[in-house]
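Since the model is a prediction, treat every value here as computed from it, not as a measurement. Just so it is clear, the values below take in all heavy atoms, side chains as well, and ignore hydrogens, waters and symmetry mates.
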Amino acid sequence: MAEKKKSYHQGHDIKSLVINLATALLFFLPFALYYDIKEQQSENVTLYCGVVVGGLLLSLIVPPVGWTRPHPYTDMPGNVPFKFRRD
């Protein structure tokens, strides 16, 4: 009997989505700083930078913890993608 085929990893695990969100925030940071021309810009600069730093920190602590993006063909046993359902 044929062996059951492994499901293909689509990159929709939580870690990959949070990393994509954090890099999108980092990409839009210069535009937000440039186009925010108000009198209280210094307060908004710290707010914008805080949101980006918070997103990057969140991407580090989402399982698997660390800076590497999970993938199914890894040699490290703790770096496999987190799945919400069983296949």
Side-chain angles (χ1 to χ4, degrees):
M1 181 167 245
E3 201 175 297
K4 186 176 181 182
K5 190 175 181 180
K6 276 186 147 183
S7 64
Y8 179 72
H9 174 63
Q10 299 291 326
H12 298 296
D13 58 290
I14 295 294
K15 179 80 168 192
S16 295
L17 294 175
V18 171
I19 289 174
N20 290 342
L21 176 68
T23 54
L25 288 173
L26 185 63
F27 176 78
F28 288 118
L29 177 64
F31 298 104
L33 295 177
Y34 180 77
Y35 288 113
D36 185 21
I37 45 178
K38 294 182 180 177
E39 296 174 4
Q40 301 171 349
Q41 187 175 5
S42 64
E43 293 177 6
N44 291 338
V45 167
T46 55
L47 175 70
Y48 295 152
C49 291
V51 168
V52 171
V53 168
L56 292 171
L57 289 175
L58 181 67
S59 71
L60 284 175
I61 62 172
V62 170
V65 177
W67 59 272
T68 56
R69 183 183 296 262
H71 56 94
Y73 309 112
T74 183
D75 292 336
M76 299 183 300
N79 197 31
V80 293
F82 180 76
K83 294 182 181 178
F84 286 114
R85 60 185 172 90
R86 294 184 197 173
D87 291 334

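Residue Leu25 holds its CG atom at 11.5 Å from SG of Cys49, rounded to the nearest 0.5 Å. The OG atom of Ser59 sits 10.0 Å away from the CG atom of Leu26 when rounded to the nearest 0.5 Å. The distance from the OG1 atom of Thr23 to the CZ atom of Phe28 is 10.0 Å, given to the nearest 0.5 Å.
Under the rule for a side chain to side chain contact (heavy atoms under 4.5 Å, CB included), the partners of Leu58 that lie at least two apart in sequence or sit in another chain are Val18, Ile61, Val62. Phe31 is linked by a ring-ring contact (aromatic ring centres under 6.0 Å, His included) to Phe27, counting only residues two or more places apart in sequence or in another chain.
Looking at heavy atoms from C-beta onward, Val52 lies in side-chain contact with Leu56 at the 4.5 angstrom threshold.
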